[in-house]
Amino acid sequence: MTTRKLFGAKPKAIRFRVIKSVFETLTVKDGTSTYFTDDRYTDPQQVFDAFQWLRRETKEWFLSLHLDGKNRIVCIDVVSVGSLNQSIVHPRETFKTALLSSAAAIILVHNHPTGDPTPSREDLAITRRLREAGEIIGVKVLDHIIVGDTFTSFVCMGLM
């Protein structure tokens with residue numbers, strides 16, 4: 001098959017979009033040892049200890065921690081920064097970066113600026129949706145941790 005047969009007597013230029021993965025390494029030098037003291041994240045308390053800075057935020061942040069096969073953080077993605085009591089989270093945006101970073105699994109972390117880490121109905125729904133999407137594409141959602149004055153782990157509550 002030639003382009004002449006496909007497009008007629010005069011050949012035409014064909015344009016394709018090419019997507020290239022671009023990674024940026026952010027080097028933080030100021031006191032990172034106080035945040036990431038563990039090599040492997042196997043306990044919700046470890047995640048809360050590393051991300052309790054979210055307690056001071058006045059907007060809701062939704063983060064995705066990308067983990068390798070040994071539960072080491074390979075990437076941290078800020079999926080969404082919302083308003084006082086909500087942030088927009090979509091599976092497509094959550095897993096786009098997880099696939100680019102070759103994550104074996106993810107841990108979801110978000111804060112409740114009110115300080116109450118009790119999961120809302122929307123938190124339960126998006127977690128269920130993200131778990132289902134992760135199962136389909138092969139990136140396991142290990143836990144969803146809500147940071148407030150204390151923290152709530154969906155795994156510890158039996159919700160995952």
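For F62 and H144, the ring centers sit closer than 6.0 Å to each other.
Contact of the V109 side chain with the V47 side chain is registered, since non-hydrogen atoms from C-beta on lie closer than 4.5 Å. Residues V155 and L142 fail the side-chain proximity criterion, which asks for heavy atoms closer than 4.5 Å. Within the 4.5 Å cutoff, no side-chain heavy atoms of V141 are placed close to those of I107. Counting heavy atoms from C-beta on, the side chains of V139 and L99 come closer than 4.5 Å. Residues Q45 and D49 form a side-chain contact, since some pair of their non-hydrogen atoms from C-beta on lies under 4.5 Å apart. With a 4.5 Å cut-off on side-chain heavy atoms, D123 and H110 count as touching. Looking at E57 and K59, their side chains never come closer than 4.5 Å, going by heavy atoms from C-beta outward.
Residues meeting the side-chain contact (heavy atoms from CB on, under 4.5 Å) test with T42, sequence neighbours left out: R40, Q46, N71.
Cluster membership for W53 and V78, using ILVMFWY side-chain heavy atoms within less than 4.5 angstrom, is shared. Following chains of ILVMFWY side-chain contacts shorter than 4.5 Å, one cannot reach V147 starting from I106, and the two form parts of different hydrophobic clusters. One hydrophobic cluster holds both V89 and I136 under the rule that ILVMFWY side chains link at heavy-atom gaps under 4.5 Å. In the hydrophobic clustering of this structure, L100 does not group with L130; members are Ile, Leu, Val, Met, Phe, Trp, Tyr whose side-chain heavy atoms approach within less than 4.5 Å, directly or through other members. Under a hydrophobic clustering in which Ile, Leu, Val, Met, Phe, Trp and Tyr are joined whenever their side-chain heavy atoms come within less than 4.5 Å, directly or via other members, V81 and L65 fall into the same cluster.
Considering every non-hydrogen atom in both F48 and G148, the closest pair reads CE1-O, 4.1 Å. The minimum heavy-atom distance between P44 and F151, with the atom names listed, is CB-CE1, 3.6 Å.
Using modelled atom types, one side-chain atom of H90 and one backbone atom of R92 make a donor-acceptor pair closer than 3.5 Å. Judged by distance alone, with hydrogens and angles left aside, the side-chain atoms of D143 form no donor-acceptor pair with the main-chain N or O of I145 at under 3.5 Å. With hydrogens and angles disregarded, no donor-acceptor distance shorter than 3.5 Å links the side chain of T152 to the backbone of I146. Side chain of N111 to backbone of R55: no donor-acceptor contact under 3.5 angstrom is found.
Using a 4.0 Å cut-off between charged nitrogen and carboxylate oxygen, E132 and R129 do not count as a salt-bridge pair.
Distance check, rounded to the nearest 0.5 Å: CD1 of I73 to OG of S101 gives 11.5 Å. Note that CD of E60 and OG1 of T114 are 8.5 Å apart. Values are rounded to the nearest 0.5 Å. The line from CG of L63 to CG of D77 is 8.0 Å long, rounded to the nearest 0.5 Å. Distance check: L108 CG to I126 CD1 gives 9.0 Å after rounding to the nearest 0.5 Å.
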(message) Could you walk me through whether T118 and D116 satisfy the side chain to side chain donor-acceptor pair (under 3.5 Å) test, starting with their C-alpha distance in whole Å, then the side-chain angles of each, then the deciding distance to 0.1 Å, before giving a yes or no?
(response) CA-CA 6 Å; T118 305; D116 179 10; 2.7 Å; yes

(request) Go through the steps to decide whether W61 and V79 satisfy the test side-chain contact (heavy atoms from CB on, under 4.5 Å), and finish with yes or no. (result) CA-CA 8 Å; W61 286 57; V79 176; over 6 Å; no

